[in-house]
2 protein chains.
Amino acid sequence: MIINQDREFMRQAIKMATKGVFSASPNPRVGCVIVKDSKVIGKGGHITAGKEHAEIIALKEAGLDAEGSSVYTTLEPCNTSGKTPPCTHSLINAKVSRVIVAMKDPNPNVNGGGISDLIKAGISVTYGVLEVEAINLNLGFIKRMKYGQPWVRAKVAMSMDGFIALLSGDSKWITRQQARKDGHKWRARSCMIMTGIGTLRKDNPQLNVRSVKTSRQPTKVLIDSKLELDINYSFFDSSQTIVFTSVHSNYDDNQKKQFKDKNIEILKISCNPKFPNHLDLRGVLKELAARGCNELHLEAGAKLSGSFMQENLIDECLIYVAPIFLGKGLPVFQVTESVKSLFDASKWAFSEVVKLGDDLRIILRPCGFDPLGFFHKDSN
Amino acid sequence: MIINQDREFMRQAIKMATKGVFSASPNPRVGCVIVKDSKVIGKGGHITAGKEHAEIIALKEAGLDAEGSSVYTTLEPCNTSGKTPPCTHSLINAKVSRVIVAMKDPNPNVNGGGISDLIKAGISVTYGVLEVEAINLNLGFIKRMKYGQPWVRAKVAMSMDGFIALLSGDSKWITRQQARKDGHKWRARSCMIMTGIGTLRKDNPQLNVRSVKTSRQPTKVLIDSKLELDINYSFFDSSQTIVFTSVHSNYDDNQKKQFKDKNIEILKISCNPKFPNHLDLRGVLKELAARGCNELHLEAGAKLSGSFMQENLIDECLIYVAPIFLGKGLPVFQVTESVKSLFDASKWAFSEVVKLGDDLRIILRPCGFDPLGFFHKDSN
């Protein structure tokens, strides 16, 4: 039975988990709160992959008092040795009497095993307290673990009549400062930021995280099927970049050296049989997931975003709408095939609508998306 | 000094005024509450033009008790004889001691004269209680009285990417039932509903009020510069229709008779010197205001709506947004001239954003619009 007190302490654990929003990847965001006699005696959040898990930080704070305590953790404790020893051992050794878990660990190496081990050791386990909230915090991790792809969030800033730029390409600025700053938060929480060669050519953007504090910059990803990039683009100024290009692209030894010097990795990928001019974007996503990408931030022009939309590869649209009308301009999503009837339109649901200064921020998820179904569905 | 109690009773008077939202035009929406010893002893709302004013209904209910009472009225009492005798006389005769007024009557025949007469008669007058709320209820009446044009509300139903229909013209249905039903409320409150010949040709819509109860249907207005209408369109099935056409349009006696039988009035109007293919829409609006149009509901295609937008003739956008993407389609506003820079974009402000079932309803007003300034500004 889930009681109100359990929800309250789990809420605190979720708050601890959010401390890792910008930095825990490729690990999930996890928080833990240890309670004895209705008092919090230890808490922790998993901040950086490779560093201590949330449960271990909380147990250290609780010390010997952990014996007989209740442990609230947003994710099932691991029973495997990775970069750190299994958390289940530490909990059993600390003689805690109860563990309350928001969600299972979707990692196939754990997947309920941690809970089983705790029960076998005589610890009482309560499952499912604020499960939806915990899932929402880790949609990217779940997508990668269960579906082998990252959670794709397409970011768009547009006018009220659906244009992302004037016909001239001018898009500075459709939205105001508050919305633009908010956009950096979403970049910061992503593992990778993707754009297309067209955007680099037109705007020469850095596409890094500014305006908000973060301990790491996301990896950058470029879709450049004909390998037309210029290594002097601002995009390549910092951190690591992965460039996907067609198997038919060639480059010489001189270029090879330049790419290496700039920390640019070139990955060749086949084309989409249905759209021969497009790279196989599903293959791109699988490759990025294999490299630990939980959340992919897609910030691209109408062409690349349109391909993602047309191939149903977007999990979430993050749309900033400015209260202006342009009349003419570049569309949000450029599609090659027109919808035949309104029945065939791409259907979404308003997940959140908030005013940010003078602009609106709208979050859309696919129509019928249900976090519990997404998490518990057998992906095979 | 405005005290809380005054606000509370004025709120009740405004509630009475809303009873006339669908039917008071061309008169303003007015409500009145009479209070004695902190108790409401009479209330009234002006429901239909030509029928009793709100103050008179409330005074009748209060009877002889009105002596020494406080009268809350959302609009300054009239001191003129129109279809009914002046309300100031009735208030003075009833020996009320105080009148609280939300807003002045912008009718140039009154314009503060009612308040002066009350003061001269020794009645204490408090001005400006919930003035903004009263103004918002009567934006159309104010626009007509002060600016000689109706308040133009452009209604649009569009996809998230800004299309009102597929390229084929198919627009049934972009939004769902709840949004469509809501649209009928806005039609019902308008004095007139305007569309263009293109919409009649494409959709053959009735454009009347259904789904909500109303005692009157708005007058219909058609923009048809070349007089290409077919009298068998559903649009002409009921009530009165005004058709604006170019001074160059001609029709024979047979047509003349048909128009008369169908209650269709043809008005010739000159073209816009800047856009020779367009009728002079400002002239159209002046003509409609002269015929008592407070609120004009514009429900048209991209061309006519685009002309209104381009000529800055829209006071309010009523936009229903469906969470779908079409990729290609017909735009919201078709403009002839492209915006040169983002600085020149048509700038608005989000006045209201609400979820209606699965869709959004967004109300936009011109950036910087301020009801008090709009009301008090010297229009000359």
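Just the heavy atoms: all of them, side chains too, but no hydrogens, waters or symmetry mates, feed the values below. Here is how names work: the chains are called A, B, and so on, in the same order as the sequence lines, proteins then strands, and each is numbered from 1.
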Point to revise | Contact summary for B/Met160 and A/Met158, nearest pair of heavy atoms | key: O-CE, 3.1 Å
Practice item. For B/Lys202, look at atom NZ and say whether over 12 heavy atoms of other residues, nucleotides or ligands are found less than 6.0 Å away. Key: yes
Review point. Near A/Gln177 CD, under 6.0 Å, is it more than 12 heavy atoms from other residues, nucleotides or ligands?
Key: no
Exercise for review: Would you mind telling me which of B/Asp344, B/Val156, B/Ile164, B/Leu326 has the largest number of heavy-atom pairs within less than 4.5 Å of chain A?
Suggested key: B/Leu326
Practice item. Please look at A/Asp359 and chain B and tell me whether the side chain, the backbone, both or neither of the residue comes under 4.5 angstrom of a heavy atom of that chain. Key: backbone
Check your understanding: Under a 4.5 Å heavy-atom cutoff, which of A/Pro323, A/Gly329, A/Gly162 has the most pairs with chain B?
Key -> A/Pro323
Check your understanding: Roughly how far apart are B/Asp358 CG and A/Cys367 SG, rounded to 0.5 Å?
Key -> 7.0 Å
Review point. Which bit of A/Thr336 comes within less than 4.5 Å of chain B, counting heavy atoms only: side chain, backbone, both or neither?
Key: backbone
Exercise for review: Apply side-chain contact (heavy atoms from CB on, under 4.5 Å) to B/Val321 and A/Val321, showing your working.
Suggested key: CA-CA 12 Å; B/Val321 185; A/Val321 185; over 6 Å; no
Check your understanding: Looking at A/Leu167, A/Asp170, A/Asp161, which has the largest count of heavy-atom pairs under 4.5 Å with chain B?
Key -> A/Asp170
Check your understanding: So what's closer than 4.5 Å to chain A heavy atoms on B/Ser168: side chain, backbone, both or neither?
Key -> neither
Study note, to complete from the structure: Assert top hit (heavy-atom pairs under 4.5 Å, partner chain A, pool B/Cys317, B/Gly327, B/Ser159, B/Gly306) equals B/Gly327
**Study point:** Smallest separation among heavy atoms of A/Phe350 and B/Lys355, with atom names
**Key:** O-NZ, 2.9 Å
Revision key, fill the gap. Pair count under 4.5 Å, heavy atoms only, with chain A: among B/Ile324, B/Val353, B/Val332, highest is B/Ile324
Point to revise | Distance-minimising heavy-atom pair for A/Lys340 and B/Leu166 | key: O-CD1, 3.8 Å
Review point. When only pairs under 4.5 Å are counted, which of A/Phe163, A/Phe333, A/Phe343 shares the most heavy-atom pairs with chain B?
Key: A/Phe333
Check your understanding: chain A heavy atoms under 4.5 Å from B/Ile362: which part of the residue, side chain, backbone, both or neither?
Key -> side chain
Point to revise | Given B/Leu364, B/Val335, B/Ile314, the one that forms side chain to side chain contact (heavy atoms under 4.5 Å, CB included) with A/Phe325 | key: B/Leu364
Exercise for review: Between chain B and each of A/Lys328, A/Lys347, A/Gln310, count heavy-atom pairs under 4.5 Å; write down the option with the most.
Suggested key: A/Lys328
Check your understanding: Considering all heavy atoms of both residues, which atom of B/Ser171 and which atom of A/Leu342 are nearest to each other, and what is their separation?
Key -> C-CD1, 3.5 Å
Point to revise | Under 4.5 Å from a heavy atom of chain A, the part of B/Ala322 involved | key: backbone
Point to revise | B/Lys155 NZ: over 12 foreign heavy atoms closer than 6.0 Å | key: yes
**Study point:** Segment of B/Ala345 engaging chain A (4.5 angstrom heavy-atom cut-off)
**Key:** both
Review point. Tell me, side chain or backbone of A/Lys172 under 4.5 Å from chain B's heavy atoms, or both, or neither?
Key: backbone
Review point. Where does B/Leu360 contact chain A at under 4.5 Å (heavy atoms): side chain, backbone, both or neither?
Key: both
Practice item. Heavy-atom distances under 4.5 Å only: say whether A/Val339 touches chain B with side chain, backbone, both or neither. Key: both
**Study point:** Side chain, backbone, both or neither of A/Ile174 within contact of chain B (heavy atoms, under 4.5 Å)
**Key:** both
